[in-house]
Structures are given as structure tokens and as C-alpha cells.
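So the structure is just underneath, and the comments pick up after that.
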Amino acid sequence: MVDLTTIPHPIIFFDGVCNLCTGTVQFVIKHDPKHYFRFASLQSEPGQQLLKEYGLSTTAFGSFILWENGKVYTRSSAALRVTKKLNGLWPALFSFMIVPPFIRNAVYDLVARNRYKWFGQKEACWIPTPELQKLFIG
């Protein structure tokens with residue numbers, strides 16, 4: 001069991017077999033030179049623990065989840081909050097938070113529902129390189 005409160009970084013939880021999701025994690029790592037974020041798949045022990053703790057499905061991995069300062073953010077809110085900490089122009093995307101969540105999440109849900117069809121999936125969770133392993137929990 002992992003005590004998330006002992007990890008001094010926001011944690012991005014993602015679907016470890018989804019090509020879009022693992023590609024997003026790789027994108028965040030590339031644009032997070034200060035290594036602000038940590039990562040865990042939703043299928044991992046910490047991922048399952050978080051899902052249970054917050055009453056979320058432990059078998060349907062349709063949401064990108066950000067755990068930050070003891071709060072859970074899902075779907076478009078999680079994704080947009082992540083952009084605030086990336087380098088380059090990516091933080092400008094946070095301005096989309098002014099769009100009502102029902103609109104943002106409708107777009108998010110459309111992509112989430114079709115992510116395997118559009119981007120494919122792996123047979124097993126993505127394994128980070130040894131150099132990146134320090135950014136992952138669990």
C-alpha cells in the first residue's frame with residue numbers, strides 16, 4: 001500500500017495499455033523538464049488504491065486522473081491542470097478551463113470512448129526505461 005500523501009509531487013494516473021494514454025505520459029515527461037509530475041498506471045497497485053479510495057471504477061479506465069495536494073481531478077480538468085506546469089506554450093491551454101465542464105468533458109469523453117479504436121492498445125502496460133523509472137510510483 002502506497003501512502004500518496006508522502007509523495008511531494010502531483011501524480012498522473014493513466015490507462016497503462018492505451019497507446020494514447022502512454023503517449024500522453026511520454027509527452028508530459030518530455031515537456032516537464034523539472035520533473036514536477038510522477039506517474040502510475042490505473043492498473044497498478046497505487047492506481048487501484050486511488051480508484052477504490054475515491055469510489056471510482058477499478059475496471060473501466062476511461063479517465064486520466066490527476067492527484068494533486070490531496071485532491072483528485074478527472075477528465076478535462078485533470079488534463080488542463082497538467083498543461084499549467086509544462087514548458088513552452090502549453091500552459092496557455094489552461095485558459096480552456098473557462099469552457100463549461102459539460103462541454104469540455106463531452107469532447108474528452110468522445111476521445112476516451114474511441115481511444116482504443118483510434119490509437120490502439122497494448123497487450124500489457126507500458127514499461128518505462130530505467131532512466132524514467134524514478135518518475136513512476138508503485
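Everything quoted here is computed from the prediction, not taken from an experiment.
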Query raised in the report: Under the 3.5 angstrom rule, does the side chain of Ser77 hit a backbone N or O of Tyr73 as a donor-acceptor pair?
Result: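 Looks like no, no N/O pair under 3.5 Å.
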Grab the two heavy atoms, one from [X] and one from [Y], that are nearest each other, plus how far apart they are.
X      : Y      : answer
Arg75  : Ser63  : N-OG, 3.1 Å
Arg115 : Phe61  : NH2-O, 2.8 Å
Phe27  : Leu86  : CE2-CD1, 4.0 Å
Asn87  : Pro91  : O-CD, 4.2 Å
Ala40  : Ile137 : CB-CG1, 3.6 Å
Arg104 : Leu80  : CD-CD1, 3.6 Å

Query raised in the report: Looking at residues at least two apart in the chain, or sitting in another chain, which of them share a side chain to side chain donor-acceptor pair (under 3.5 Å) with Asn105?
Result: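 Once residues adjacent in sequence are excluded, the partners of Asn105 under the side chain to side chain donor-acceptor pair (under 3.5 Å) criterion are Ser76.
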Kindly work out whether a path of hydrophobic side-chain contacts (I/L/V/M/F/W/Y, heavy atoms less than 4.5 Å apart) joins [X] to [Y].
X     : Y     : value
Val72 : Tyr36 : no
Phe64 : Met97 : yes
Leu20 : Trp90 : no
Val82 : Leu4  : no
Phe94 : Ile12 : yes

Requested in this report: Return yes when atom CG of Leu89 has more than 12 non-hydrogen atoms of other residues, nucleotides or ligands closer than 6.0 Å, and no otherwise.
Outcome: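 Open: at most 12 neighbouring heavy atoms sit under 6.0 Å from CG of Leu89.
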Quick one: [atom1] on [X] to [atom2] on [Y], what's the gap to the nearest 0.5 Å?
X      : Y      : atom1 : atom2 : answer
Thr5   : Asn69  : OG1   : CG    : 11.5 Å
His9   : Leu135 : NE2   : CG    : 8.5 Å
Leu51  : Thr59  : CG    : OG1   : 9.5 Å
Ile7   : Arg38  : CD1   : CZ    : 9.0 Å
Phe13  : Trp67  : CZ    : CH2   : 8.0 Å
Trp118 : Asn19  : CH2   : CG    : 14.5 Å

Query - Distance-only donor-acceptor check, side chains Gln43 and Asp15, under 3.5 Å - result: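 Short answer, yes.
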Report task. Measure the acute angle between the ring planes of Phe136 and Phe14, then classify it against the limits of 30° and 60° as parallel, tilted or perpendicular. Result ->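 If you compare the ring of Phe136 with that of Phe14, the planes turn out perpendicular.
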Query - Heavy-atom check, side chain of Tyr116 versus side chain of Cys18, under 4.5 Å - result: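 Result yes, sub-4.5 Å side-chain heavy-atom pair found.
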Query raised in the report: Quick one: do Asp32 and Lys85 make a salt bridge, cutoff under 4.0 Å?
Result: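 Judged by the 4.0 Å cut-off on N to carboxylate O distance, Asp32 and Lys85 do not form a salt bridge.
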Query raised in the report: Can Leu56 and Ile65 be said to form a side chain to side chain contact (heavy atoms under 4.5 Å, CB included), step by step?
Result: CA-CA 11 Å; Leu56 302 169; Ile65 298 173; 3.9 Å; yes
Query raised in the report: For the side-chain contact (heavy atoms from CB on, under 4.5 Å) test, which of Val25, Ile29, Val28, Ile11 pairs with Phe37?
Result: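 Only one option passes, and that is Val28.
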